[in-house]
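Please read these numbers as outputs of a predicted model, since none were measured by experiment. Reminder, nothing fancy here: chain letters follow the sequence lines and each chain counts from 1.
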Amino acid sequence: MRYWLMKSEPDEVSFDDVLASPRHTTAWFGVRNYQARNFMRDQMQPGDGVLFYHSSCAVPGVAGIAEVASGPYPDESQFDPASKYFDPKATREQPRWMSIDVTAVEQGRYLPLTEMRELPALEDMVLLRKGSRLSISPVTADEWKAVVKRVRAKA
DNA sequence: GCCAACGTTGGC
DNA sequence: GCCAACGTTGGC
């Protein structure tokens, strides 16, 4: 069992959107970075823990806890010329980009990025490293514990 | 809107 | 295979 942090722009897909979806589950599409794709393709397993992070918004931070709900499969949006994620070099025979399903599990408090930066347990977290832009990044068990604790805290 | 950091592209 | 130019990310 591993842990991950996945970034989503809430204007596109927010944690609330996933909670409102059938079975609280959504397809994670639109990843167009090879390192992030490889995590989905090679390492992420159903049941892995996911920190659902809101980026590019007024208050970036962890919006809820989720989990990986499927193995990898081709991202449909790469084949759709009308999609902004369309990739002319991708074919059905040789897809380039992968999706996985993600299920929302628990919404506690919203944990802002500013607060994450103050937690000593998170000082080495990939997300918080200077220049880190990965939309999917690994989270250690200790980091997971520290974040979940703050998400479940009363204040 | 700015800009630092990083990834990708393409000419050579 | 190098590397300059360009595009993107994402916090501020």
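- For the pair A/E118 and A/R150, the salt-bridge criterion is not met [side-chain N within less than 4.0 Å of a carboxylate O].
- A straight line from NZ of A/K84 to P of C/dG7 spans 17 Å, rounded to a whole angstrom.
- Here C/dT9 presents its C1' atom at 18 Å from CZ of A/R129, a figure rounded to the nearest Å.
- A straight line from CG of A/N33 to P of C/dT8 spans 14 Å, rounded to a whole angstrom.
- In this structure, the CG atom of A/L127 is 16 Å from the P atom of C/dT9, given to the nearest Å.
- For the atom pair A/Y3 OH and A/L51 CG, the distance stands at 10.0 Å (nearest 0.5 Å).
- Between the CG atom of A/L134 and the P atom of B/dA5 there is a distance of 16 Å, given to the nearest Å.
- The phosphate of C/dG11 has OP1 or OP2 within less than 4.0 Å of a side-chain N or O from A/Y53.
- In this structure, of C/dT8, B/dT9, B/dT8, it is C/dT8 that holds the atom nearest to the side chain of A/R133.
- Taking atom CH2 of residue A/W97 and atom P of nucleotide B/dG7, one finds them 13 Å apart after rounding to whole Å.
- Residues A/Q43 and A/R2 bring a donor and an acceptor atom of their side chains to less than 3.5 Å of each other.
- At the phosphate of C/dT9, neither OP1 nor OP2 sits under 4.0 Å from any side-chain N or O atom of A/K7.
- Regarding A/M6, its CE atom lies at a distance of 13 Å from the P atom of C/dG10, rounded to whole Å.
- For A/Q35 and B/dA5, the CD to C1' distance is 14 Å, given to the nearest whole Å.
- With respect to the salt-bridge test (charged N to carboxylate O, under 4.0 angstrom), the residues A/R117 and A/E123 do not qualify.
- In this model, the phosphate group of B/dA4 is not approached by any side-chain N or O of A/K130 to a distance below 4.0 Å at OP1 or OP2.
- One cannot find a donor-acceptor pair under 3.5 Å joining the base of C/dT8 and the side-chain atoms of A/R32.
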